[in-house]
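Just below is one structure, and these are the notes that go with it.
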Amino acid sequence: MVGKGVASRLRRETMVKDEQESSNRPDNTAFTQQRLPAWQPMLSAGIVIPGFVLIGLAFIGIGVALFVTSQGIQVLEIDYTGVEQKSPCFRCANSNEKNCVCNLEFSIDRLLKGPVFFYYGLTNYFQNYRRYGVSKDDNQLSGDLDYFQSPSDTCSPYEYDNNVPIVPCGSIANSMFNDTFKLYQTVNGVKKQVPLDGKGIAWWSDYNIKYRNPSVTPLKNAFNGTVKPIFWSKPAYELDPTDSTNNGFINQDFLVWMRRAALPDFRKLYRRITHEDYKEGLPAGNYSLEISYNYPVLSFDGRKKVVFSNVSWMGGKNEFLGIAYLVIGSLCVFMSIVMLIVYAKFKFPEED
Amino acid sequence: MAREGEDAGMAKAPKRKRQKKRKPKENKTRTVHANVLHDCAKGDENPNRHYANNEIKTTKYTVLSFLPKNLFEQFHRFANVYFVFIALLNFVPVVNTFQPELALTPVIFILSVTAIKDLWEDYRRHRSDKEINHMDCLVYSRGEKRYVEKYWKEVRVGDFIRLRCNEILPADVLLLSSSDPDRLCHIETATLDGETNLKQRQVVRSFFDLDCEFDPLKYNSIIECEKPNNDLNRFRGYIIHRSGRRDALYKENLLLRGCTIRNTEEAVGIVIYAGHETKAMLNNNGPRYKRSKLERQMNVDVFWCVIILLVMCLFAAAGHGLWMFQYGDKRPVFDVLSPEGTDLSPIMSAIYLFLTMIIVLQVLIPISLFVSIEIVKICQVYFIHQDMDLYDEETDSHLQCRALNITEDLGQMQYIFSDKTGTLTDNKMVFRRCTVAGVEYSHDANAKRLAMYQEMDSEEEDCMSHGGTLPRRDSVTSHQSARVVLRSHSTKSHRRTGSRAEAKRASILSKHTAFSSPMEKDITPDPQLLDKVNECSSQMDFMRFHSQPMSQLPSDLSDIIDFFIALTVCNTVVVSSPNQPRHKVRMRFELKSPVKTIEDFIKRFTPSRLTSGSNSSSSSSLNRSSNKGCSSLLSSPSAESTLTKLNEETPPGGLEPGFSAAPPCYDGRPSWSPEDGELRYEAESPDEAALVYAARAYKCSLVGRLPDHVTVELPHLGRLSFELLHTLGFDSTRKRMSVVVRHPLTDQITVYTKGADSVIMELIKPLDTGNSKGRRQKKIVCRTQNYLNLYAADGLRTLCIAKKVMSKEEYACWLQRHLEAETAIQGREELLFQSALRLETNLHLLGATGIEDRLQDGVPETIASLRRAGLQIWVLTGDKQETAVNIAYACKLLEPDEEILTLNADSHEACALLLEESLHYIQAKFFCSSGDQSATADFPPFEIYPPASPSSSSSHAAHFLVHRLGLVIDGRTLAYALDKSLEDKFLAVARSCRSVLCCRSTPLQKSMVVKLVRNKLRVMTLAIGDGANDVSMIQVADVGVGISGQEGMQAVMASDFALPRFRYLQKLLLVHGHWCYSRLANMILYFFYKNAMFVALIFWYQFYCGFSGSAMIDQWYLIFFNLMFSAFPQLITGTLDKDVSAETLQQLPHLYVNGQNSEEYKPYMFWMNMIDSFYQSLVCFFIPYFAYADSDVDLFTWGTPITTIALFTILLHLGIETKTWTWINWLSIAFSVALFFSVALLYNASCPTCYSPSNPYWTMQRLLQDPLFYLLCTITPVAALLPRYFYRACQSTLFPNPVQVGRQLDKLPADTRRNILSLGRLKTGSPLSPAPPFLPLAKLSPAKDPRGTPRAPVSQTDEEHGGGGPAAPARSRERLSNVYSSVSTETDTLPYTKDAPPLTDWEAPGQSPPGWTASTPLAARADGVQLSLPPVGAPQCVKYRRSPQEGLVSEHGVHPPAHRTAPAAEQSLYTAL
């Protein structure tokens, strides 16, 4: 019977080959007949429960690792805005005094393992504000001299100052953070400056590719016919008086600032502590931070802080991710148990 | 010429042209002069210059107009306007968000995809136009004084064209000359109407007598005719000769563009309409555009998306205003002043921000949704086209989707309206039996033969081996009867090999002849009748020899011969010879056209001629002609031998061979000689062909038909030529056709009428029962009526044959008025109709025929399975009630254990009463009994339904309170029932019935029924039909399906889908419909989810950026995410995903209910999806948020992981929703991910300064080195999808819906599955598959009962029988109200119950849980209930009788006075039974 069927089908097929007239006959392929071999994942107990358990266990494992790693990171965070009266920077924050300096004393009770990263932090500061974000001229910042004389419209209203082009133009550059810090360790009553490493705090790609100074020497000449941003005290080519290669658009602090923070509470890398003496980290003891307080934040209810932190392979201190993994992992396991109970109750008697 | 068909959508172009052309001449007619006369005065003076030339241009665009025109058309779609508006908004500096050019890309992309598609289609049209325009034809040139080759496009109105055999007509041409001796021209109109038979066209009368060849230079007449119109069957005008004589022009004179000249060597005509003004082109309408239910639903949700978008934007704007406001005058350093250096007020910023947010969040309205849906639908159509199972080998045709955008509607049908003839049946009419002069000839051998075909067919399904079937069939053939051998050789070979493929080959061979399968052609004559025919004809021959008047023949014998002559003559069948080109079969006779003038009549019917005439004139004419015609026939060498062989085979019961010694040419068998091939009959309807073939079996064969006479070959008498005086064609009002002929033997003017028995019986001459003859006649009529009823009960199509002999005076009198009617200008049709009525009176009944219209293969199974799929099937047919009912039983539409409500009423009031009564009846019967049953609550204990299921099925139940009840209604009653005042009641009755059968319904009624059901019940309707009479119904329904059968293409042209056979409907609906629906529904839902989820990410971010419209997702990702990164997998899933395999879908038809109830896409699902998408986006936003909180992360280094996570989540979500994973799915997902990363890497590495303002240089590269990135990408999608996955897992294992049960079934090995399916019916009660069969009906049918035990018969039967009286309804209503009160609390709380439109108050509590509405008592009661009313005022009655199928008549009146005075005939039928 089956053989006959096959034979007849064969006959039919050969006949089709013989006769060209059956042109309307559809192709008999797995694709056109929608018979492609397919995997049908069934959400059955046999797959779901072990799957959940496996995923859950894996996540718990990762979670534990992350949590432990995060616990190992030390962070020292000090607010120096000067809102409170007893704060050492209260005076600077509330007077309009230029070049106000305040000293922030703090102590570390155990070694802050190195390499230590020194951040400044701002809160309630909307670097991600849309119109702020577009206020720059990428061409100008990549050293294109044409844009020195006629900056992009996006920089408006920080485009021209009395019809003289502003370089670097735009709101981001204009609002560059300009507090500077000097860190001293008090060793036996003597203040010993902790050398801060300002190199390599910005992205390598920013420093080498995205931002460039015009190839004019001295750099100052390139800025002829332009003015510095309104809020700046020094022109761009004099940002770092100590290191001539750290000026202009490739100044590391400038680059760090230009990389806009994602969230309104952010920190930015200020320096790294990599000096020989502090290779192991900041030893326990008293420290003094000399802040030249320039940047006003009280007007928008912002806060300024400094952060000393070491980092792990997964970045700075963040317990959240580890906890998240633990929670999700436990959830998976829990769900699998629930399902197991439910199955035991409903499903198994039916299976025959 | 098939190309013409492709030129869809060309209606517009000609319209424009016509308007232009019309201006100069605003006449109502068109005047055509010959161009040859005006050639010298070229240009302006040519009177035909205003008419369109023959160049066709079906393209929509030119090179120049393409862009503006295409854009204009695309902007008709609102979504496109919206997206362009948003893109343009980006050019406004205060609100812009993206690089304006970038913002334009998606819109431009979408527009250009559509534009390219349009362009390609237009190019194809252009190419085919060009090809058509450059075809050659012969046009007369004045200069060269001969016909020269010209391109089609150069043909002008007024040109003379010479056409040769098998050429295609380039324009609408008035036929002026033909090489045919009869001045005929045959055309094939298959490209216009799909009818494959040849049509005859005649030379214009005035050129009829032209002896020499037509000379265009001598032509100097003017033609006045109608303006161009699209009516293929109408052409009116007249030709004015120089002499001032006017001759009328008819459609018979017009050759239509696109037709093919056949059978005619040469014809000459003048072009009347050219190019776009031809009828063929005016008939070409573009493809149909329908909007599917799913799309309507989707549009509602698109609207909701707009609302959500606006709410989000308003929220953000308000937030931004407040944010600005809180700073007051203090200006933070990060604030940016307006370009003028001034501060923006918070309100202004809020307003600007609103616009900005619309741009940012635009993705919520899925720009690519519409394009994606179109693409998916095209793929779906492709797959439906490609399905092998929908391919019919016999006709080499497969399913055609003519409407491209309603594929998913196929999965949501609720009502099917089907035609019967040609749709359920084969439309292969087979002569089955007949009665002549009151004697029935049962044709048993014929019945056996047909039964054998049936067997053969079913056998071939299994195996088609040559050897197996051959010997057996031969043996059957030989024992059958010797006469069958008369079959031609070729036919025999068909039968012998018999297989489908062979049949196909045969059908290809005989492509041009419809209705000529061996089954239809080979009729085994009834021996008794054959003997009588022989006897009769030999007697007539004898009388002719002895010049005795024919009236001496015994009346029963003369009736027999008349009967067959009527079968042969009274039709429009054309004869042709298949193997030779259709050139020379016909012969030239001296007689001319039908009598057209009185003078003609007088001339032709003068006594002198009549007296001299009779035998000699006709025979002499025959002699001459036949000699001419037969010469070729006889030249074949074997003719002689065939002849002798045939003679030998003539049964001995007849006469001496010598008696029939006639000249060989008269003997009349040459037509059967194999070399010559048989004569081929080309009929317009299959009935006609069947009758002609039947007559041929009795050797009364039609040999030739010309406009003026019909040649018939009779045994012993040889060829006789009947002078054809008039043909009154068939129309659906008269339901009959007549021919008026002059009988060559008796020389009487005879009218043969053939028609529906109901009309013919009324036209039978009233008989005075005084004399014996009259009594005999009465007896004959009575007996014939009995037999007719019998035939109908057998499901045969019945036709009555009658005749009338007219005296010359009568005829002259009638002719006078008929000619007046024919020449009338006003209301010609009406007058002709009246004239026909005058002629067809006082008929003499000859007999009746029963033709079997066989069911198509697989119809009962298809209907059964469609019904199990929850589809209500209504059959609307023009057939007789009895025939229809029997066919309905045969195709399992009605079942023996079903009760039948028959509604026949003669007046509006009666109809109202009947409906009322039916309602009471249904109410009494079903509500009380069901109430009782629910009270007894004898459900099997394990039939516990999970909470979800009752709601879903009750929504169904609310709509379809279906009982085990069939409704039969006839056309007249239907007309009353469709009246405004009664339609609600009618619907209330009809929708309670499981099946509805409307008999004797007109095309208009069909469409009215469909419209009524569609509009009132708000259900999805599908109409399926094959003939022109179904067109209106097909057009009204949501989905129209045409059967590309034998009855022309009108139905197919009007349809959305064209099927080769009815049974394919099963797979089309159950499998493809289901797939298309579930795929598209899921894809649309997914689309909404995807966009909402992506957009919500940005919305959450607004809380952290001062509601400033900033986005952490780079503009590129934002714009291309939908268009590229996440587009392909969903398209693949939308095209290929199969929730359940095709086999399971067909084996478990009730899975179809899924689509009917829109289970895949319910309004709440949109919101569920929205909620899920918001949840997922919250997870995808806040996990990175907290992970990066208090870090030095920058905007895009933070945003890019979010984008990546969103992509993974979206793809995984799709993965959860994807049911079948093929390598294409894997590939598409891998491709999407790879595409995203490669685009991101390239984009982040290419140009450090180009992509202002974001400039995410090297971001991705850095991220890829960051372990945190991978950690985030792992946990977030898992966390986001956990709830959905958990829900799905629990739901599908604990409370699987039927579709999921079907999937589980799919996974089982094939044999296990088969076992389960055969056991049946799944374990409906089990927790694993608590699938309640959706149809409440189905649930309670014994077959569905999980235990397989039939329900105990309801004890109430007797009571119900008594319940016909008026007391019963009241009683039952009381009971009902109890039931309702006990149930109402339950019903009220049902969620998602659709409101059934209230129909009548009796049904007020409407919705009812499936448990008891459905409990139709299933006692095997086989009684039918017939509610019929006598014409006037008699008390109503309910008549119960057993269904006729059982053959038991137990008829008893319920109320003593209520005995229905059934027509006597019916009564006697039952007694006869």
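Note: hydrogens, waters and symmetry copies are ignored here, and every other heavy atom, side chains too, is used. Residue numbers begin at 1 in each chain, while the letters A, B, ... track the order of the sequences. Here the structure is a predicted model, which means the values were calculated and not measured.
Proximity to chain B involves both the backbone and the side chain of A:D27, based on heavy atoms less than 4.5 angstrom apart. Of the atoms belonging to A:I62, it is side-chain heavy atoms, and not backbone ones, that fall under 4.5 Å from chain B. Proximity to chain B is limited to the side chain of A:L66, based on heavy atoms less than 4.5 angstrom apart. For chain B, the nearby part of A:F231 is the side chain; its heavy atoms alone come within less than 4.5 Å. Only the side chain of A:Y119 comes within contact range of chain B, with at least one heavy atom under 4.5 Å from a heavy atom of that chain. Contact of A:P264 with chain B is made through backbone and side chain together, with heavy-atom distances under 4.5 Å. The part of B:Y1101 that comes within reach of chain A is its side chain, from C-beta onward, which places non-hydrogen atoms under 4.5 angstrom from that chain. Both the backbone and the side chain of A:Q40 come within contact range of chain B, with heavy atoms under 4.5 Å apart. Interface residue A:W204: only backbone heavy atoms are found under 4.5 Å from chain B. Heavy atoms closer than 4.5 Å to chain B are found in the side chain of A:M339, but not in its backbone. Proximity to chain B involves both the backbone and the side chain of A:Y132, based on heavy atoms less than 4.5 angstrom apart. Both the backbone and the side chain of A:T32 come within contact range of chain B, each with at least one heavy atom under 4.5 Å from a heavy atom of that chain.
Ring pair A:Y125/B:F334 is perpendicular by interplanar angle, where above 60° counts as perpendicular and below 30° as parallel. Note on ring orientation: taking the six-membered ring where Trp is involved, the planes of A:F31 and B:Y382 are tilted (angle from 30° to 60°). The aromatic rings of A:F126 and B:W323 sit perpendicular to each other, their planes meeting at more than 60°, with 30° as the lower class boundary.
Looking only at side-chain heavy atoms (C-beta outward), B:F1196 and A:R260 come within less than 4.5 Å of each other. Looking at B:Y1285 and A:F52, their side chains come closer than 4.5 Å, going by heavy atoms from C-beta outward. The closest side-chain heavy-atom distance from B:T1274 to A:F59 is below 4.5 Å. Considering only heavy atoms from C-beta on, B:Y1188 stays 4.5 Å or farther from A:N318 through its side chain.
Between chain A and the residues B:S1254, B:C1250, B:A1111, B:S1191, the largest count of heavy-atom pairs under 4.5 Å involves B:S1191. Chain B forms the most heavy-atom pairs under 4.5 Å with one residue out of A:E77, A:K136, A:K268, and that residue is A:K136. Taking chain A as the reference chain and counting heavy-atom pairs below 4.5 Å, the highest number among B:K1219, B:M1112, B:Q1291 is found for B:K1219. Options B:S397, B:P1248, B:C1105 differ in how many heavy-atom pairs under 4.5 Å they form with chain A, and the most are formed by B:C1105. Between chain A and the residues B:V1278, B:L1282, B:L1271, B:L353, the most heavy-atom pairs under 4.5 angstrom are made by B:L1271. Of the listed residues (A:L141, A:L263, A:V75), the one with the most heavy-atom contacts under 4.5 Å to chain B is A:L263. Between chain B and the options A:D138, A:N128, A:I328, the largest number of non-hydrogen pairs under 4.5 Å is found for A:N128. Contact count against chain A (heavy-atom pairs under 4.5 Å) is highest for B:A1187 among B:A1189, B:A1187, B:P1267. Of the residues considered (B:W1075, B:W1223, B:F1269), B:W1075 shows the highest number of contacts with chain A, using heavy-atom pairs under 4.5 Å.
The structure places CZ of B:R1262 at 6.5 Å from OG of A:S205, a figure rounded to the nearest 0.5 Å. Rounding to the nearest 0.5 Å places CD of A:Q34 at 8.5 Å from CD1 of B:I384. Separating the CH2 atom in B:W1258 from the CG atom in A:D206 is a distance of 12.0 Å, to the nearest 0.5 Å. How far CD of A:Q127 is from OG of B:S1110: 11.0 Å, rounded to the nearest 0.5 Å. Note that OH of B:Y327 and CG of A:D301 are 8.5 Å apart. Values are rounded to the nearest 0.5 Å. Atom CG in A:D144 sits 8.5 Å away from atom OG1 in B:T1249 (nearest 0.5 Å).
Of all non-hydrogen atoms in B:P332 and A:S299, the two that sit nearest each other are CA-OG, 4.3 Å. Residues A:S171 and B:V333 approach most closely at OG-O, 4.2 Å, considering heavy atoms. Across A:K305 and B:D1190, no two heavy atoms sit closer than the pair NZ-OD1, 3.6 Å.
Residues satisfying the side-chain contact (heavy atoms from CB on, under 4.5 Å) test with A:A173, not counting sequence neighbours, are A:P168, A:W232, A:F254, A:M258.
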Could you walk me through whether B:L1272 and A:L321 pass the side chain to side chain contact (heavy atoms under 4.5 Å, CB included) test, one step at a time? CA-CA 8 Å; B:L1272 279 176; A:L321 208 54; 3.8 Å; yes

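Other residues, nucleotides and ligands place more than 12 heavy atoms under 6.0 Å from the OH atom of B:Y1270. Heavy atoms of other residues, nucleotides or ligands lying less than 6.0 angstrom from CZ of B:F1286 number more than 12. By the neighbour-count criterion of 12 heavy atoms within 6.0 Å, atom OH of B:Y1287 is sparsely surrounded, having that number or fewer from other residues, nucleotides or ligands.
Under the side-chain contact (heavy atoms from CB on, under 4.5 Å) test applied with A:R259, the options B:V1193, B:D1192, B:D1194, B:L1195 reduce to a single match, B:D1194.
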